[in-house]
Amino acid sequence: MKAGRGLSTLGIVLIVLGTAGCAGGSGAPASTSAPPPGSSSGISPSTGTGTSTITIKDFAYGDPLTVAAGATVTVTNMDSAAHTVTADEGSAFDTEVKGGGGTASFVAPTKPGTYAYHCTFHPGMHGTLVVK
Ligand SMILES: [Cu+2]
């Protein structure tokens, strides 16, 4: 039976969805809470560019990020608290990002797969990095 593996994958997806959706319920992520006008911090949404960015905000990593194998991933932390991006298994990646708009970067694994990660400071924070 292959049901076991399928359920395992589904479980990860549900955890990610649950983390990302706790503020907005069902439907689209609540990304409409733009910063107030005039207070631009120089950080623009990384949509459509070649850069792979994880933006941490409100103790959440956001949607799962898909990157190329070995790509450099930049992490931006909009919270006041410091966070880490730490692979759940093994030592695929582990980087600390200071709060207040701090940035850090790490190199994505070269082995394709789905990598769950978390914050060592806040065990409730979970994210997913997909390498292909
Ligand atoms: Cu954290």
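Just so we're clear, the structure is a prediction, and the values are computed from it rather than from any experiment. Atoms considered below: every heavy atom in the structure, side chains included; atoms not considered: hydrogens, waters and symmetry mates. Whatever order the structure lists them in is the order used to number ligands and atoms, beginning at 1.
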- Within-4.5 Å side-chain heavy-atom neighbours: Thr76 and Thr53: yes
Distance-only donor-acceptor pairs under 3.5 Å for side chains of residues 88-98, two or more places apart:
unit_1: Asp88; atom_1: OD1; unit_2: His118; atom_2: N; d: 3.4
unit_1: Asp88; atom_1: OD1; unit_2: His118; atom_2: ND1; d: 2.6
unit_1: Asp94; atom_1: OD1; unit_2: Thr86; atom_2: OG1; d: 2.8

- Task: Quick one: closest heavy-atom pair of Leu129 and Phe106, and the distance?
- Result: CD2-CE1, 4.0 Å
- Item | Contacts of type side chain to side chain contact (heavy atoms under 4.5 Å, CB included), residue Thr110, not counting sequence neighbours | none
- Could you pull out all residues at least two apart from Thr66 that satisfy side chain to side chain donor-acceptor pair (under 3.5 Å)? none
- Task: Assert yes or no for the condition that the ring centre distance of Tyr61 to His83 is strictly below 6.0 Å.
- Result: no
- Note on the structure: Nearer than 2.8 Å to the Cu ion (ligand 1), the protein contributes N, O or S atoms numbering 3
